[in-house]
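Working notes, beginning with the structure itself.
From a predicted model like this one, the values you see are computed outputs, not experimental measurements. The figures here come from the full heavy-atom set of this structure, side chains too, leaving out hydrogens, waters and symmetry mates.
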Amino acid sequence: MDDIQLKVIDAIHTHKELVNDRVKFKGMLADYLIDDKIHVNVLMNAYDEKFPIKIRNAADKTLVAIQYIKILSENYGISEINAKWSISTWCAVLGFDAVVESDI
């Protein structure tokens with residue numbers, strides 16, 4: 001985990017009540033990641049694709065994470081590195097440490 005990911009994880013855990021309101025959630029991320037639109041956008045792209053919901057309900061969480069890296073790369077034009085960063089950050093936020101440690 002890099003410093004930005006740790007900051008995001010802390011921010012989301014601190015303000016988890018905002019996760020269900022897209023506008024407020026994005027605003028909170030923007031407040032924590034000032035002048036870092038790339039990371040805000042890649043996190044929001046995964047959010048908009050319902051990644052947090054899909055992975056929570058998945059039996060094979062690693063497979064879903066890999067699929068979403070591909071979705072973000074192909075559908076949004078995000079580099080694979082940034083797509084992996086987004087998905088691994090979301091996995092860490094949601095407590096799916098085994099997926100993060102699998103080096104997806």
Test log, rule side chain to side chain contact (heavy atoms under 4.5 Å, CB included), inputs W85 and I4: CA-CA 10 Å; W85 184 93; I4 298 169; 3.6 Å; yes

Which heavy atom of [X] sits nearest a heavy atom of [Y], and at what distance?
{"X": "I55", "Y": "K61", "answer": "O-NZ, 2.9 Å"}
{"X": "R56", "Y": "L94", "answer": "NH2-CD2, 3.1 Å"}
{"X": "F25", "Y": "L18", "answer": "CB-O, 3.3 Å"}
{"X": "P52", "Y": "A46", "answer": "CD-O, 3.9 Å"}
{"X": "W90", "Y": "L43", "answer": "NE1-O, 3.1 Å"}
{"X": "V100", "Y": "A92", "answer": "CG2-N, 3.6 Å"}

More than 12 heavy atoms from other groups under 6.0 Å of [atom1] on [X]:
{"X": "D3", "atom1": "CG", "answer": "no"}
{"X": "I81", "atom1": "CD1", "answer": "no"}
{"X": "I38", "atom1": "CD1", "answer": "no"}

Rounded at 0.5 Å granularity, tell me how far [atom1] in [X] sits from [atom2] in [Y].
{"X": "E74", "Y": "E80", "atom1": "CD", "atom2": "CD", "result": "10.0 Å"}
{"X": "N41", "Y": "Y76", "atom1": "CG", "atom2": "OH", "result": "11.0 Å"}
{"X": "K50", "Y": "I71", "atom1": "NZ", "atom2": "CD1", "result": "13.0 Å"}

For [Y], is there any backbone N or O sitting under 3.5 Å from a side-chain donor or acceptor partner on [X]?
{"X": "Y68", "Y": "E49", "answer": "yes"}
{"X": "S102", "Y": "V99", "answer": "yes"}
{"X": "S86", "Y": "N82", "answer": "no"}
{"X": "Y47", "Y": "V19", "answer": "yes"}

Side-chain heavy atoms of I78 within contact of K84, under 4.5 Å: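 No, too far: nothing below the 4.5 Å cut-off.
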
Heavy-atom side-chain contact between T62 and I66 under 4.5 Å: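 They are in side-chain contact.
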
ILVMFWY cluster, I87 and M1 together (side-chain gap under 4.5 Å):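 Both belong to a single hydrophobic cluster.
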
Joint cluster assignment, L6 & I12, ILVMFWY side-chain distance < 4.5 Å: yes

Check against side chain to side chain contact (heavy atoms under 4.5 Å, CB included), M28 and K24: CA-CA 6 Å; M28 180 273 298; K24 289 180 181 178; over 6 Å; no

T89 and Q5: side chain donor to acceptor below 3.5 Å: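 Yes, side-chain donor-acceptor contact under 3.5 Å.
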
Of N45, V8, I34, L29, the residue whose pairing with V40 passes side-chain contact (heavy atoms from CB on, under 4.5 Å): L29

